[in-house]
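So the structure is just underneath, and the comments pick up after that.
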2 protein chains.
Amino acid sequence: MSYVTEQLLEDLREARTSKGFSQRDLSARSGVPQSHISKIESGGVDLRVSSLIALARVLDLELFLAPKKSITAINSIIRSSKGIQDEGEEILPAYRLDDDCDE
Amino acid sequence: MSYVTEQLLEDLREARTSKGFSQRDLSARSGVPQSHISKIESGGVDLRVSSLIALARVLDLELFLAPKKSITAINSIIRSSKGIQDEGEEILPAYRLDDDCDE
DNA sequence: AAAATTGATCTACCAATGCATATCAATATA
DNA sequence: TATATTGATATGCATTGGTAGATCAATTTT
């Protein structure tokens, strides 16, 4: 029901929230208006590739075009890079820094 | 100098030609006009994500959003899935089927 | 309770995509 | 040589993204 893949939208939103960014934060850093980001994340817009790339850059993401037959291997890599096991078991850090640490 | 990443455009064109599709073939299969495909491949258009996905689907490609830190690993996988060694040495098939084989 | 954040929504307006169609030069094929 | 294919371009037009604001309900924070 949306122009963009659900997965793509999920990834966008997850990357944003996991960085602790609000839509307004992302807006300030990417130049894309908050109202537009809201529409994008809700799948209500068939955004242009340049916009997607602009958002991705701020979120330390990269846009890829990969052969379908390699998607499982790639997803496995992505999951592990997020610190999540293939089984779906998340690896928790041994300790956690306080809220406001400098980077 | 283009809205879309050079890499993305390269991948598109390479996938098309390696499938033996002309721009008109791709147009017929994807629904995207040939004139538009031409502009897209030359980087002269900031196309919408749905268009990119439509083209990708026909070319057996998938659009991805991956963490930057995993790009090397992913590129390695993609290269190998294309039958190319990490060193850049292409692996040739042991034999080659005739031009007009059924799939 | 009061103030600040957050995401969703709305209104305009402008620029650009995307579509349909046709053409053209260059190359390949009959 | 005549024909067909390929990629690049051109035009006109409708649609939609994108921007710049502002507002609002729901939470959070002070």
Side-chain angles (χ1 to χ4, degrees), chain A residues 1-61 63 65 96-103, chain B residues 1-61 63 65 96-101:
Chain A
M1 206 54 62
S2 66
Y3 309 97
V4 182
T5 310
E6 312 284 342
Q7 185 64 55
L8 236 45
L9 298 182
E10 268 182 43
D11 290 349
L12 269 187
R13 177 165 256 157
E14 196 215 287
R16 176 178 65 80
T17 57
S18 76
K19 275 191 175 311
F21 290 171
S22 68
Q23 290 185 349
R24 281 183 173 81
D25 291 335
L26 183 56
S27 170
R29 292 170 193 256
S30 65
V32 178
Q34 179 268 327
S35 61
H36 199 224
I37 293 179
S38 173
K39 273 188 289 187
I40 290 172
E41 287 189 351
S42 63
V45 169
D46 185 6
L47 79 167
R48 294 175 189 164
V49 175
S50 67
S51 297
L52 182 53
I53 291 179
L55 294 177
R57 172 157 30 226
V58 173
L59 296 172
D60 290 308
L61 296 176
L63 196 59
L65 217 41
R96 199 142 177 38
L97 291 174
D98 264 287
D99 288 354
D100 48 347
C101 63
D102 39 337
E103 173 63 359
Chain B
M1 208 53 63
S2 65
Y3 307 97
V4 183
T5 309
E6 311 285 343
Q7 186 65 54
L8 237 45
L9 300 181
E10 269 182 43
D11 291 347
L12 270 185
R13 176 165 257 156
E14 195 214 287
R16 175 177 65 80
T17 57
S18 77
K19 274 192 173 312
F21 290 171
S22 69
Q23 290 185 348
R24 280 185 174 80
D25 290 335
L26 184 55
S27 169
R29 293 170 192 256
S30 65
V32 178
Q34 179 268 327
S35 61
H36 199 223
I37 293 180
S38 173
K39 275 188 286 186
I40 290 173
E41 287 189 352
S42 64
V45 169
D46 185 6
L47 78 167
R48 292 172 192 169
V49 174
S50 67
S51 297
L52 182 53
I53 291 178
L55 294 177
R57 172 159 32 226
V58 173
L59 297 171
D60 289 310
L61 295 176
L63 195 59
L65 219 40
R96 199 146 178 39
L97 292 173
D98 265 287
D99 288 354
D100 48 346
C101 63

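It should be emphasised that the depicted structure is a prediction, and the values quoted were computed from it without experimental measurement. Below, all heavy atoms of this structure are taken into account, side chains as well, without hydrogens, waters or symmetry copies. We name chains A, B, ... by the order of the sequence lines, and we start the count at 1 in each one.
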5' to 3', nucleotides 14-30 of chain C under a 4.0 Å protein heavy-atom cut-off (B base, S sugar-phosphate only, - none) gives --SBSS-B-B-------
Looking at every non-hydrogen atom in both residues, tell me the closest pair between B/R16 and B/L26 and how far apart they are.
CD-CD2, 3.6 Å
For the CD1 atom of A/I53 and the OG1 atom of B/T5, what is their distance to the nearest 0.5 Å?
3.5 Å
With a 4.0 Å cutoff (strictly under), does any side-chain N or O of B/S38 reach OP1 or OP2 of D/dA8?
yes
Side-chain ion pair, A/K19 and A/D25, N-O less than 4.0 Å
no
What's the separation between atom CD1 in B/I37 and atom OG in B/S42, rounded to the nearest 0.5 Å?
12.0 Å
Which heavy atom in B/L65 sits nearest to a heavy atom in A/D11, and how many Å separate them?
O-OD2, 3.7 Å
Name every residue in residues 52-60 of chain B that has at least one heavy atom under 4.0 Å from any atom of DNA chain D, in order of residue number, or write none if there are no such residues.
none
Partners of A/R48 by salt bridge (Lys or Arg N to Asp or Glu O under 4.0 Å), sequence neighbours excluded?
none
Nearest whole angstrom, please: distance from the P of D/dG7 to the CD1 of B/I37.
10 Å
Would you indicate, yes or no, if D/dT6 has its OP1 or OP2 atom less than 4.0 angstrom from a side-chain nitrogen or oxygen of B/S22?
yes
Indicate whether OP1 or OP2 belonging to D/dT6 is found under 4.0 Å from a side-chain N or O atom of B/R16.
no
Closest heavy-atom pair and its distance - A/A54, A/S30
O-CB, 4.3 Å
Report yes if the side chains of B/Q23 and B/H36 come closer than 4.5 Å at any heavy-atom pair, otherwise no.
no
